[in-house]
Amino acid sequence: MHDRPSVRKIALSRVAIILTVAFWVFYLISTIIRQFYEGPKTFEFQLQSTGYLIVMTSLTFSALMYLIARQGALQRFSTHVRAPRAHLDRHFSKEQPSITVLIPSYSEEPDVVYKTMLSAALQEYPDMRIVLLMDDKPYSTDPVTIARLEETRGLARKIEKLIRKPSKRLTASLAVFEKSKASKVTVAQQNKLIRDYKWAALWLRTQADAMTVEDHVDVFFADEVMGALATELELTAQALTASLEEKSTITHQRGRELYNRLVWIFTAKLDVFERKRYASLSHEANKAMNINSYIGLMGGKYRQQQTPEGPILVSVSARSKSDLIVPDSDFILTLDADSVLLRDYCLRLVYYAMQPGNERVGVVQTPYSSFRGAQTRIERLAGATTDLQHILHQGKTYYDATFWVGANAVIRKQALEDIVEKEWIAGFEIKRYVQDRTVIEDTESSIDLTLKGWRLINYPERLSYSATPPDFGSLIVQRRRWANGGLLILPKLFERLSEQRRLRQPSSYIELFLRINYMASIAWASFGLIFLLAYPYDSKLLSPLVLMAALPYFIAMASDLRYCGYRRSDVFRIYGFNLILLPVNLAGVLKSIQQAITGKKIPFARTPKVKNRTLSPALYVMAPIAIIVFSAFTCVRDIGAENWPNAAFAAFNAIVATWAFVSYVGIGNSLVDMWHGLTDWMYVDIAPKVKVSAPTSPILNWRAVLYHGDTNKHLPLGITNAEEA
């Protein structure tokens, strides 16, 4: 739960917004407009003035959007009331909508995926299926890869085996309890219920103690996923004991609800699905199509048929024999393979979506938070920015500007059916529910959903946590992907605005501005910082009012960092952090522009989750050094020119960027990365020598002839030449 903000904090948040706008207006009038009348009338100076105004306005606009989103979050935190546990139990004893948890995975460590699947399996939810969507190539010759694949494929059976004992015991207890027709629970029955709750809590603690703890994620999982659930069950047992001591028993209906809760915790159906085993499904290398492939099969029965390209899935009627049955469900939960859910995530989010008035809520989520106790400085600071984004996303919901954040979300299946796009490729129907045109598939799908009249909601609690890149190399991959795609989606946003105006539907400018800032601010902030760092603007354009306009933003961010458990001084570290990430963000923006020009999709780059450090491309190591050197040079030059404001700004940039580079990249690591970048190109992979056999007469590939109507162009799966056939 978020702390309830005080009236004073909410009032100061409003003051920060007013001051930001006021100082920017004062600067515009007192400096820019005055210079157009009193300053030099040269074309160069007027061009400088215009450019500087554009840069400062865009940066101030982003700061203002931060403050507005923050204000919305504070308003929501102040009014949020958590649904009582008894209401949840009563609701789900009558209504039990089904939910399918989809966990897309590609080349993940099995122990990472195991924690994700187990956190989903321990959800207190009545009707749940968990499907691991493995996107690795199903066949490999590398022994290490084969071993990892087999271990990952066995995770579903491993978890089912783990929870089988508590599931059998508690299901049997519920069956015995339900035989009673009395309106009140007897003392003996309540004592049995207490023992079952204590037994379940002890089982959870035993499993948590048996876990191998290697890092802070393992500690968090043991304490906050399994340990906290055990604590809650123990507390319920204590409450039931206290009621007996007061000679007060509960109703039979309440007893059934409490037993249902125990059974639901330890009951889940788990499965593994690999789309790349089937030639009839899309093999595009991105997370969106991995999810789409499975959703497109839901609600159907299929027979496996062999073809020269490999097995395909053929839809069959309900009464026919089948090789694969994919049940449909009312809700779908998408969950990244490196995320975990707290115990009542599904229960509370589905309950919210089922409330009267929320029939058009298509997505409800809790934007993920970072795992506490990170072991590296860069992981800790990247986690701080993640936790700040959690607050901002909560504020966006206040203004109906929510974006789906792909790490986790409960999605109404009907909403996905409304936005599905279908096309035929090589004779097979391919369905796209989640857009894969860009690498930020969740952002574009958010606009698609709003175009169809669906609402997206951020539930105002922290119920999900996700891994943060532990080193600079993996952070580069993640942040470059995040910076790529927003510009391509903007036209859809304006299309939605035009549609609203055509239908004369009310539209909010604050919602529009928040969405534009979310999708495009990385672009204008990156280019704006480059201009500020590189171009020696005339000192006449500088004013303390610029700093005063930015001050509320930095004070508010420092306050939010403290609220999230970090230091207020981390605001300076985040500034330096963003400076060394400037080349990474710029590369992502340029990739968007490249895609807009060429029309070719950018390959999806998975954030590495490995125990060892990820090497950073030499360019992204040398670019921060160039920023530091150039900032120092600019400082010296401006001191000589007595341009004191620019000199102070350049000195500040040089200091914080140097501190960030040393702390987050490291001198030793940077030398290693640059050495690899400069020397790796010298080495080439030498293909193993292959013994050439005597030529053989080609044989007819009869399968391909019968299936395609041609000769030897298509070979059966796993066969690479006619000799093998």
- Message: For Arg157, is the CZ atom crowded, meaning more than 12 foreign heavy atoms sit under 6.0 Å from it?
- Response: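 No, not enclosed.
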
- Look at atom CZ of Phe403 and say whether more than 12 heavy atoms of other residues, nucleotides or ligands are closer to it than 6.0 Å. yes

- Return the orientation label for the Phe273 and Tyr278 ring planes: parallel under 30°, perpendicular over 60°, tilted otherwise.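 Parallel: the ring planes of Phe273 and Tyr278 meet at under 30°.
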
[X] side chain vs [Y] backbone, donor-acceptor pair below 3.5 Å:
| X | Y | value |
| --- | --- | --- |
| Arg455 | Thr402 | no |
| Asp218 | Glu214 | yes |
| Ser508 | Glu511 | yes |
| Thr397 | Asp400 | no |
| Arg412 | Ala353 | yes |
| Thr145 | Thr141 | no |
| Gln123 | Leu342 | yes |
| Ser446 | Trp404 | yes |
| Glu95 | His91 | no |
| Thr100 | Ser329 | no |

Does the pair [X]/[Y] count as a salt bridge with the N-to-O cut at 4.0 Å?
| X | Y | value |
| --- | --- | --- |
| Lys276 | Asp136 | no |
| Lys431 | Glu417 | no |
| Arg153 | Glu274 | yes |
| Glu160 | Arg164 | no |
| Lys287 | Asp336 | yes |

Indicate whether any N or O donor in one side chain lies under 3.5 Å from an N or O acceptor in the other, for [X] and [Y].
| X | Y | answer |
| --- | --- | --- |
| Arg515 | Thr450 | no |
| Arg462 | Ser369 | yes |
| Ser464 | Thr366 | yes |
| Ser98 | Asp127 | no |
| Ser317 | Ser320 | yes |
| Ser370 | Asp387 | yes |
| His216 | Glu379 | yes |
| Glu441 | Asn286 | no |
| Ser474 | Thr614 | no |

- Among residues two or more places apart or on two chains, list those pairs meeting side chain to side chain donor-acceptor pair (under 3.5 Å) that have a residue in residues 350-359. none

- Message: When you measure from the centre of the six-membered ring of Tyr125, is the NZ or CZ of Arg261 closer than 6.0 Å and no more than 45° off the axis?
- Response: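 The answer is no, since Arg261 fails at least one limit relative to Tyr125.
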
- Might you work through the ring-ring contact (aromatic ring centres under 6.0 Å, His included) test for Phe371 and Phe220, ending with a clear yes or no? CA-CA 7 Å; Phe371 290 117; Phe220 182 92; 5.2 Å; yes

- Message: For His393 and Tyr518: C-alpha separation, side-chain torsions, deciding distance, then whether ring-ring contact (aromatic ring centres under 6.0 Å, His included) applies.
- Response: CA-CA 10 Å; His393 280 294; Tyr518 183 78; 5.5 Å; yes

- Item | Member of Arg437, Arg432, Lys492 meeting the salt bridge (charged side-chain N to carboxylate O under 4.0 Å, His left out) criterion with Asp448 |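 The residue from Arg437, Arg432, Lys492 that satisfies salt bridge (charged side-chain N to carboxylate O under 4.0 Å, His left out) with Asp448 turns out to be Lys492.
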
- Query: Picking from Asp418, Asp330, Asp328, what satisfies salt bridge (charged side-chain N to carboxylate O under 4.0 Å, His left out) with Lys413?
  - Reply: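 Going through the options one by one, the only one that passes is Asp328.
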
Rounded to the nearest 0.5 Å, how far apart are [atom1] of [X] and [atom2] of [Y]?
| X | Y | atom1 | atom2 | value |
| --- | --- | --- | --- | --- |
| Ile103 | Leu270 | CD1 | CG | 8.0 Å |
| Asn290 | His283 | CG | NE2 | 10.5 Å |
| His390 | Asn458 | NE2 | CG | 8.0 Å |
| Ile593 | Asn484 | CD1 | CG | 10.0 Å |
| Leu149 | Ser107 | CG | OG | 8.5 Å |
| Asp323 | Leu313 | CG | CG | 8.5 Å |

Quick one, [X] and [Y] - any side-chain contact, counting heavy atoms below 4.5 Å?
| X | Y | value |
| --- | --- | --- |
| Trp482 | Asn585 | no |
| Val434 | Asp442 | no |
| Val113 | Leu155 | yes |
| Arg303 | Lys321 | no |
| Arg148 | Glu108 | no |
| Arg129 | Pro327 | yes |
| Ile425 | Ser282 | no |
| Tyr106 | Met134 | no |

- What closest approach, in Å, do Pro311 and Arg277 show between heavy atoms, and which atom pair accounts for it?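 Scanning both residues completely, I find the closest heavy atoms to be CD-O, 3.5 Å.
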
- Message: Quick one, Thr386 with Leu388, criterion side chain to side chain contact (heavy atoms under 4.5 Å, CB included). Give me CA distance, side-chain angles, the key distance, then yes/no.
- Response: CA-CA 5 Å; Thr386 295; Leu388 290 179; over 6 Å; no

- Message: Test side chain to side chain contact (heavy atoms under 4.5 Å, CB included) on Ile295 and Leu102; report intermediate values, then the result.
- Response: CA-CA 9 Å; Ile295 297 176; Leu102 300 182; 3.7 Å; yes

- Query: Would His80 and Glu461 satisfy side chain to side chain donor-acceptor pair (under 3.5 Å), going step by step from the backbone distance to the final call?
  - Reply: CA-CA 9 Å; His80 175 63; Glu461 296 180 16; 2.9 Å; yes

- Task: Evaluate the criterion side chain to side chain contact (heavy atoms under 4.5 Å, CB included) for residue pair Tyr294 and Arg275; output intermediate values, then yes/no.
- Result: CA-CA 8 Å; Tyr294 190 84; Arg275 61 164 174 152; over 6 Å; no

- Show your working on side chain to side chain contact (heavy atoms under 4.5 Å, CB included) between Leu497 and Leu512 and close with a plain yes or no. CA-CA 8 Å; Leu497 181 64; Leu512 178 64; 3.9 Å; yes

- Can you list the steps and then say if Tyr459 with Tyr345 is a ring-ring contact (aromatic ring centres under 6.0 Å, His included)? CA-CA 10 Å; Tyr459 191 74; Tyr345 176 97; 8.9 Å; no

